[in-house]
Amino acid sequence: MDFNVVMITLGASFLLAVILGPLCIPLLKRLKFGQQIRTDGPQGHLKKAGTPTMGGIIILLALSLAVLRFADTSTEMIILLVATLGYGLVGFMDDYIKIILKRSLGLTARQKLLGQLIVSVIVCILLYKLGFSTDVRIPFLHYTISMGWLYFPFVAVMMLGTSNAVNFTDGLDGLLAGTSAVAFGAYAIIAMNSTLPDVAIFCAAMVGAVLGFLVFNTHPAKVFMGDSGSLGIGGGLALVAVLTKSEILLIVVGGVFVVEVLSVIIQVVSFKTRGKRVFKMSPIHHHFELVGWSEWRVVVTFWTVGIVLAAIGLYINEVL
């Protein structure tokens, strides 16, 4: 496959996001699409109230324009866009309710889950019609499990889990943009090595889009991506892992997201069963803030961990 096309796509997506930022951010301000801040979170975050949100639109637009220009209209690309834009639409609805109705939690848990499930079912139907392999490769063991029809519920659960894990990670300026760029960068390499050009181009476009968004999202952030961005990123990441047949490897490459969602689960279970909290606050990035770390220190540390885990994931994929 042509490495140059992958890099051109990354650059084009980055430039599109950088161009769209100054156009979208003032518009979001005029429409009063300002972030509602939880009062029970770190007190330093209260000054962020009113910062424009729904900036995920910048990411999704830059991504879509880049892949439509440089990728073929293959079934794989259609599935990737359905997953990403479908989950992004659910996130957009969540953001809209937060802003217009002034409900800081947006959609109810059931409503959000239903929307995500509908998109997941559509994706699974497309995979089935594609005749997609239902085998799952187990790293280290050199073993493959043929899941048959159970593979499709597995994919649906994987999409739900990944999108929500990524969503939990979006809590500090630049945190999710940086960690998702690393994860998609790793999967771009995996896709190229697997001779999946459209998947590699999609990953490159996402890397460029989130890095372009990061220009406006580093501390102090001029815009937040909101659920329209985080859910879209999560849905796309899950499908990239599926299409590269490295579903299990996502646990390693996306290890930061796994830790974030596990911290929430541990906190909830501990409080409901023992009446005690394990962390000062979950997701875990807020815990480090409350023990005295600066926001920038937390973000850079998580970026670094993400890079290390991505490197480990690439090693496992190539050697083991």
Side-chain angles (χ1 to χ4, degrees), residues 1-17 59-88 119 122-137 139 144 151 155 158-159 162-163 166 180-213 232-250 252-254 307 310-311 313-320:
M1 64 176 297
D2 194 339
F3 176 74
N4 290 332
V5 175
V6 174
M7 296 308 298
I8 290 172
T9 304
L10 191 157
S13 182
F14 175 83
L15 288 175
L16 283 167
I59 297 172
L60 298 180
L61 279 174
L63 167 78
S64 301
L65 292 172
V67 297
L68 290 174
R69 171 61 182 83
F70 295 103
D72 295 330
T73 311
S74 64
T75 305
E76 289 83 359
M77 183 57 72
I78 292 172
I79 295 173
L80 282 167
L81 289 176
V82 168
T84 304
L85 300 181
Y87 269 70
V119 177
I122 294 172
V123 167
C124 288
I125 291 172
L126 292 173
L127 288 172
Y128 176 78
K129 289 184 175 297
L130 179 64
F132 194 72
S133 170
T134 57
D135 294 344
V136 175
R137 182 168 64 92
T144 300
Y151 181 75
V155 169
M158 182 177 168
M159 291 181 67
T162 303
S163 63
V166 170
S180 61
V182 170
F184 276 101
Y187 270 110
I189 295 173
I190 292 172
M192 285 189 287
N193 291 341
S194 302
T195 321
L196 295 168
D198 282 349
V199 178
I201 287 173
F202 176 88
C203 290
M206 183 65 86
V207 172
V210 294
L211 289 180
F213 178 79
I233 289 171
L237 182 61
L239 254 293
V240 163
V242 168
L243 293 176
T244 55
K245 300 308 296 179
S246 51
E247 300 93 340
I248 305 301
L249 196 65
L250 180 58
V252 179
V253 175
I307 292 170
L314 288 172
Y315 175 77
I316 292 172
N317 185 68
E318 294 301 316
V319 179
L320 303 178

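FYI, side chains are in, hydrogens and waters are out, and symmetry mates aren't considered; it's all heavy atoms of this structure. From a predicted model like this one, the values you see are computed outputs, not experimental measurements. Residue numbers run from 1 in the order of the sequence given.
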We want to know whether D135 and T144 form a side-chain donor-acceptor pair, criterion being a heavy-atom distance below 3.5 angstrom. no
With the side chain counted from C-beta on, respond yes when [X] and [Y] share a heavy-atom pair under 4.5 Å apart, and no when they do not.
X    : Y    : result
F202 : L243 : no
V242 : F132 : yes
R137 : N317 : yes
L85  : L60  : yes

Contact summary for [X] and [Y], nearest pair of heavy atoms:
X    : Y    : answer
G313 : V253 : CA-CG2, 4.0 Å
V207 : G185 : CG2-N, 3.5 Å
T162 : G234 : CG2-O, 3.5 Å
F184 : G236 : CZ-C, 3.9 Å
A66  : S13  : CB-CB, 3.8 Å
V67  : A205 : CG1-CB, 3.6 Å

TODO: Go through the steps for S180 and V166 under the test side chain to side chain contact (heavy atoms under 4.5 Å, CB included), then give the verdict.
DONE: CA-CA 8 Å; S180 61; V166 170; 5.8 Å; no
**Prompt:** Do L126 and T75 pass the side chain to side chain contact (heavy atoms under 4.5 Å, CB included) test, and can you show the C-alpha distance, the side-chain angles, and the key distance before you say yes or no?
**Reply:** CA-CA 8 Å; L126 292 173; T75 305; 5.8 Å; no
side-chain contact (heavy atoms from CB on, under 4.5 Å) filter on I307, not counting sequence neighbours, yields V182
Measuring from [X]:[atom1] to [Y]:[atom2], what's the distance to the nearest 0.5 Å?
X    : Y    : atom1 : atom2 : value
D72  : I78  : CG    : CD1   : 11.0 Å
I316 : I248 : CD1   : CD1   : 11.5 Å
M77  : T73  : CE    : OG1   : 8.5 Å
L81  : L63  : CG    : CG    : 6.5 Å
T9   : L65  : OG1   : CG    : 12.5 Å
L127 : E76  : CG    : CD    : 9.5 Å

In chain order, what residues pass the side-chain hydrogen bond (donor to acceptor under 3.5 Å, both in side chains) check against [X], with sequence neighbours excluded?
X    : value
Y187 : none
T84  : none
T244 : S246

For residues 232-248, the salt bridge (charged side-chain N to carboxylate O under 4.0 Å, His left out) pairs (sequence neighbours left out) are K245-E247
Residue pairs meeting salt bridge (charged side-chain N to carboxylate O under 4.0 Å, His left out), one or both in residues 3-17, sequence neighbours left out, come to none
| Criterion side chain to side chain contact (heavy atoms under 4.5 Å, CB included) on L16 and L61, from CA distance to verdict | CA-CA 8 Å; L16 283 167; L61 279 174; over 6 Å; no
